[in-house]
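Here's the structure, in structure tokens; my notes come after.
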Amino acid sequence: YIWTHLGFIPVDILVVAFLLDEIIERKEKEAMLEKLDMLMSTFFSEVGNELISQLSTVNKYKASTENLKSIKNWTENDFDNKLAELKDASIDFSADISKEDREEFLENLRTLLVDKREFIINLINNPNLLEKEEFTGLINAILHLDEELEHRSDLALVNDADFGHLNGDMQRVYNKLVHEWVYYLKYLYKHHPYMIALIIRTNPFDEDADVYVKE
């Protein structure tokens, strides 16, 4: 009996080693994803919220994001339902800007992206971002829009057809941006509820949002 059990000791050690390796690997991946989720906080503080604000202000279809104003009353199920909705369908977006204001809007958008270009490139150079495919897609869409605007040295020359092309690039960014914003708020709701209060008070979809606590 003793010799039989002694014979299985190497097998037991091997099984335990595999289990420990799997547990350690899972813990390391969870820690990495936790850091990436927190990295999103920096992204939205640096560029994401301002980008949402600029695009939302000119969106012809503001009703498509109207329910995001009441996000302070959402539950985890509400976040899950909205993420599922965003995954299955695109948000209606069309920049509704007069020809007189078009150049100023594009100039402000280009200035924002140029000022934050180094920050965005540093994000894309993070190899761990490959674990978050959606966020990587958002960063690539922003860099493409930045490149499109950068190559237009004179934005006054943007005609209706050219603006239509840029509108498609803005829509791509906007859709991915909204999805990642909702995902980020769900993460804060579950893990850091004290942090979500500030995001709600500065909600970029709510033009009446006020950072100061009123009640």
As an exercise, state the distance from [atom1] of [X] to [atom2] of [Y], rounded to the nearest 0.5 Å.
X	Y	atom1	atom2	result
E148	R110	CD	CZ	12.5 Å
S94	Q171	OG	CD	8.0 Å
E150	L113	CD	CG	10.0 Å
E104	L109	CD	CG	12.5 Å
I124	F119	CD1	CZ	11.5 Å
L185	I196	CG	CD1	4.5 Å

Between [X] and [Y], is any pair of side-chain heavy atoms under 4.5 Å apart?
X	Y	answer
M195	S41	yes
V158	E103	no
I71	F205	no
W181	N203	yes
E107	T111	yes
F44	Y184	yes

Is any side-chain N of the basic residue among D160 and R102 closer than 4.0 Å to the acidic one's carboxylate O?
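Salt bridge: yes.
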
Decide, yes or no, whether a salt bridge links D162 with R152 under the criterion of side-chain N to carboxylate O below 4.0 Å.
yes

For D101 and S98, what are the C-alpha separation, side-chain angles and deciding distance, and is it a side-chain hydrogen bond (donor to acceptor under 3.5 Å, both in side chains)?
CA-CA 5 Å; D101 299 328; S98 64; 3.0 Å; yes

Do D78 and T75 pair up side chain to side chain, a donor and an acceptor below 3.5 Å, judged on atom types alone?
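There is such a pair (donor and acceptor under 3.5 Å, judged by atom type) between the side chains of D78 and T75.
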
Do any pairs count as a salt bridge (charged side-chain N to carboxylate O under 4.0 Å, His left out) and have a residue in residues 175-186, sequence neighbours left out, and if so which ones?
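Only D80-K186 qualify under salt bridge (charged side-chain N to carboxylate O under 4.0 Å, His left out).
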
Are [Y] and [X] connected in a single hydrophobic cluster, I mean Ile/Leu/Val/Met/Phe/Trp/Tyr linked by side-chain heavy atoms less than 4.5 Å apart?
X	Y	value
Y187	Y194	yes
Y61	L68	no
L138	I121	yes

Tell me if a side-chain donor or acceptor on [X] pairs with a main-chain N or O of [Y] at a distance below 3.5 Å.
X	Y	value
D96	V58	no
N122	E118	yes
R172	A141	no
S53	P204	no
H192	L188	no
D146	I142	no
D92	K62	no

Would you please classify the geometry between the Y174 ring and the F93 ring as parallel, tilted or perpendicular, with 30° and 60° separating the classes?
tilted

List for me each residue that meets side-chain contact (heavy atoms from CB on, under 4.5 Å) alongside E85, sequence neighbours excluded, and say none if there are none.
K82

What verdict does the side-chain contact (heavy atoms from CB on, under 4.5 Å) test give for V178 and S56, after you've listed the backbone C-alpha separation in whole Å, the side-chain angles of each residue and the deciding distance to 0.1 Å?
CA-CA 10 Å; V178 173; S56 294; over 6 Å; no

Could you tell me whether F135 and F43 have their ring centroids closer than 6.0 angstrom?
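Ring centroids of F135 and F43 are less than 6.0 Å from each other.
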
Hey, does the Lys NZ or Arg CZ of R201 hover above the aromatic six-ring of Y212, less than 6.0 Å from the centre and inside 45° of the axis?
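No, a cation-pi geometry is absent between R201 and Y212.
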
Give the minimum heavy-atom separation between N67 and S70, together with the two atoms involved.
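Smallest interatomic distance, heavy atoms only, reads O-OG, 3.0 Å.
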
Please step through side-chain contact (heavy atoms from CB on, under 4.5 Å) for the pair V173 and D169, ending with a clear verdict.
CA-CA 6 Å; V173 170; D169 294 328; 5.8 Å; no

Where do T57 and F105 land on the side-chain contact (heavy atoms from CB on, under 4.5 Å) test, with the steps shown first?
CA-CA 10 Å; T57 301; F105 167 75; over 6 Å; no

